[in-house]
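Reading through the C-alpha cells given below for one structure.
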Amino acid sequence: MRSVVGFPVAVAQFLYRFIVGDDWVVAVVMILALAATGVLQAQHFPAWWLVPVLAIVMTGISLLRSMPQQRATRPTPARSPSTSASASAGPPR
Amino acid sequence: MVIIVLGVGATRGWRSPLIGAAAGFVVLAAVIAALGVALAGIPIGILRAVVGSLLLLFGLQWYRKGIARVAARGLAGMAAQEARDSDVPTSGIDWVGFFLSFKGVVLEGLEITLIVVSFGLVAGQLGVSVIGAAASVVLIGAIGFALKTPVTRIPRSLLQLLVGSLLTSFGTFWALEGLGVVWPQSDLDILALLVVYGLAAAVYIGLERRSLHQVRMEVA
C-alpha cells in the first residue's frame, strides 16, 4: 500500500525537481513566456525574442536572489555582531 | 542527440544517460515498426513544444548553476567531485540523466525518421533512405564515443555551464518551433542562440565575480 502511494509521490517530486528546480519564480515566468509566445504567434505577431530575452533576464534575477544566501553561508568573522546578524537574515530560496 | 547524451553523461555519470538513450532507441524502433509510413502524420509540433519546454526549464537550472560555480571557483581546480550535482544518486538510476537522454533521442530520432520517410516516399527510395539514416546514426554515435574521453577532461563546473547552455539553446529552439516560430536560418539558429546565451553567461560571470570579490573584501 505504501509503495502504491509512494510511487506517484516520487514521480511528482521528480517532475517538480526537473521542471521547477530550486527557483520556482524562473519556472513560472518561463512557462508564462512560452504560453504568451504561443498566443502571440497565433495572432501572427513575431514573438520569437520573448523566451530568450526572459531566459537571460530571469537568470540574472535568480543569480541576484541567490547572493544573500551565499553571503549567509560564507564564514564571517565574529568581530561585528550586527554584520553577522544581517548576513544570516538572507531570504531562503 | 549525441551532444545531449555526451554532456549529460560527462556531468552526471554515464550509466543512466546511456540507458536513457537505449530506451529512447527502443521506443523509437517500436513507434517506427508500429506506424511505418503513417509516421508522416504525427503532430511533431506538439512534441517539439513539450520536449523543448522541458529541456528549456531544466537547462536554465544548469545554466544558472554553471554560471554561479564558474564565477565562484574560476576555471582552475574545478574538476573535483565537489562540483558534481548533489542530487545525483550514488546507486540505482539517475532519472534526470535518463530522461534528458531519452527525450533527446526520441525527439531528434522522430524528426530524422520523419525526414527519412518524407524523402524516401517522395523519391520512391524508402529502403535507400533508411540505410542512409542508419549509417548516419552509427557514424555520429561512433564520433560521440570517440569524444567521450576528451569531454570528461573538461572541468565539471564549466561542463555544467556548457551543457546548461546547450540544453537551454536546444530547448528554446524546439519549444518555439513547436509554438509556430519559423527560424530564419533553420537549425543554424541553435548556434546563434548558443552564442547569445554564452555571451550572457560571460557577462553574468563577470558581474558575479565582482560581487563575490566585494563580499570577500568586506569579510577581510
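Labels below follow one simple rule: chain letters A, B, ... track the order of the sequence lines, proteins then strands, and each chain is numbered from 1.
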Would you mind reporting whether B/K65 and A/D22 have side-chain heavy atoms less than 4.5 Å apart?
yes
Testing the basics here: between A/G21 and B/Q61, what is the closest heavy-atom pair and its distance to 0.1 Å?
CA-OE1, 3.3 Å
Look at the side chain of B/E208 and the backbone N and O of A/L64, then say whether any donor-acceptor pair between them is shorter than 3.5 Å.
no
Give, as side chain, backbone, both or neither, the part of B/L54 having an atom under 4.5 angstrom from any heavy atom of chain A.
both
B/V196: partners by side-chain contact (heavy atoms from CB on, under 4.5 Å), with sequence neighbours left out
A/I56
Under 4.5 Å from any heavy atom of chain B - which part of A/V20
backbone
Chain B contact via A/V29 - which portion, at a heavy-atom distance below 4.5 Å
neither
Which salt bridge (charged side-chain N to carboxylate O under 4.0 Å, His left out) pairs, counting each pair once, include a residue from residues 166-184 of chain B, with sequence neighbours left out?
B/R48-B/E177
Could you give the distance from CE (A/M58) to OH (B/Y63), rounded to the nearest 0.5 Å?
13.5 Å
Give me the atom names and distance for the closest heavy-atom approach of B/Y197 to A/A55.
OH-CB, 3.7 Å
Separation between CG (B/L60) and OG1 (A/T59), nearest 0.5 Å, reads 5.0 Å
Which one, B/L57, B/L100, B/L56, B/I67, leads in non-hydrogen pairs under 4.5 Å with chain A?
B/L57
Within 6.0 angstrom of B/I46 CD1, more than 12 heavy atoms from elsewhere:
no
If the condition is ring-ring contact (aromatic ring centres under 6.0 Å, His included), which residues does A/W48 pass it with, not counting sequence neighbours?
none
Less than 4.5 Å to any heavy atom of chain A: does that hold for the side chain of B/L207, its backbone, both, or neither?
neither
With a 4.5 Å cut-off on heavy-atom pairs, point out which of A/A27, A/P52, A/A47, A/G38 contacts chain B the most.
A/P52
Those residues of residues 162-170 of chain B that come under 4.5 Å of chain A on a heavy-atom basis, listed by number, are none
